[in-house]
Amino acid sequence: QVQLVESGGGLVQAGGSLRLSCAASGRTFSNSAMGWFRQAPGKEREFVAAIRWSGDSTYYADSVKGRFTVSRDNAKNTVYLQMNSLKPEDTAVYYCASGPAYYSGPYYREGTYNSWGQGTKVTVSS
């Protein structure tokens with residue numbers, strides 16, 4: 001399994017930006033689909049974004065499309081989530097997750113992913 005550690009969360013004003021990072025250990029990172037999910041207080045965890053193992057395809061929830069960008073650097077075993085134009089409703093704990101090798105989708109299902117990080121908290125003030 002892949003071990004995942006998120007970082008980059010914090011407090012930001014509405015309209016601001018943050019970049020989350022997820023560092024992975026394990027030799028299978030470059031073959032793994034990677035996803036970002038979030039869980040707001042009192043709500044269920046939801047899909048945010050995902051990137052194919054090859055990095056050539058990305059997928060987004062409608063709520064973040066056009067504002068968030070997912071990317072990966074396989075040489076650094078790291079996946080990123082650039083979050084721009086943040087809104088108070090983006091406040092949540094953000095989790096990265098690793099999926100099966102050479103997986104081709106769908107990417108929005110939690111059950112697809114077999115390794116999860118501990119989460120990093122993002123708070124957007126109005």
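The figures here come from the full heavy-atom set of this structure, side chains too, leaving out hydrogens, waters and symmetry mates.
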With heavy-atom distances below 4.5 Å as the criterion, would you say the side chains of [X] and [Y] are in contact?
X	Y	answer
Pro100	Thr112	yes
Arg72	Asn74	yes
Glu6	Trp36	yes
Thr120	Val93	no
Leu20	Met83	yes

Hey, could you give me each pair passing disulfide bond (SG atoms under 2.5 Å apart) that has a residue in [range]? Not counting sequence neighbours.
range	result
residues 26-64	none
residues 18-126	Cys22-Cys96
residues 28-71	none
residues 28-88	none

So which pairs with a foot in residues 49-90 pass ring-ring contact (aromatic ring centres under 6.0 Å, His included), sequence neighbours left out? Trp53-Tyr102, Tyr59-Tyr107

Identify, with sequence neighbours excluded, every residue that meets side-chain contact (heavy atoms from CB on, under 4.5 Å) alongside [X].
X	value
Ser17	Gln82, Asn84
Asp62	Lys65
Ser104	Arg52
Pro106	Tyr103, Tyr108, Arg109

Gap separating the [atom1] atom of [X] from the [atom2] atom of [Y], nearest 0.5 angstrom:
X	Y	atom1	atom2	answer
Leu4	Ser98	CG	OG	5.5 Å
Asp73	Ser30	CG	OG	11.5 Å
Met34	Leu81	CE	CG	11.5 Å

May I ask you to decide if [Y]'s main-chain N or O and [X]'s side chain share a donor-acceptor pair within less than 3.5 Å?
X	Y	value
Thr91	Thr123	no
Ser115	Val2	yes
Gln3	Ala24	no

Got more than 12 heavy atoms from elsewhere within 6.0 Å of CD, Glu44?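 No - once you tally the heavy atoms of other residues, nucleotides and ligands closer than 6.0 Å, there are 12 at most.
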
Work out which heavy atom in Pro88 is nearest to a heavy atom in Ala14; give both atom names and the distance. CD-CB, 4.1 Å

How close do Tyr113 and Ala50 get, counting heavy atoms only, and between which atoms? OH-CB, 3.7 Å

With Phe29 via ring pair (Phe, Tyr, Trp, His ring centres under 6.0 Å) - residues at least two apart: none

Do Val122 and Tyr95 sit in one hydrophobic cluster, given that two such residues count as connected whenever their side-chain heavy atoms are within less than 4.5 Å of each other, even indirectly?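 As far as the 4.5 Å side-chain criterion goes, Tyr95 and Val122 are not connected within one cluster.
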
Are Val70 and Val48 linked, directly or through intermediate hydrophobic residues, by side-chain heavy-atom contacts shorter than 4.5 Å (ILVMFWY only)? yes

Contact list for residues 74-84, test salt bridge (charged side-chain N to carboxylate O under 4.0 Å, His left out), sequence neighbours left out: none

Can you pull the salt bridge (charged side-chain N to carboxylate O under 4.0 Å, His left out) pairs that have at least one residue in residues 79-95, sequence neighbours excluded?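 Residue pairs with at least one partner in residues 79-95: Arg38-Asp90, Arg67-Asp90.
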
Working note: Trp116 + Phe37, criterion ring-ring contact (aromatic ring centres under 6.0 Å, His included); need CA distance, chi angles, decisive distance, verdict. CA-CA 10 Å; Trp116 292 81; Phe37 288 75; 5.1 Å; yes

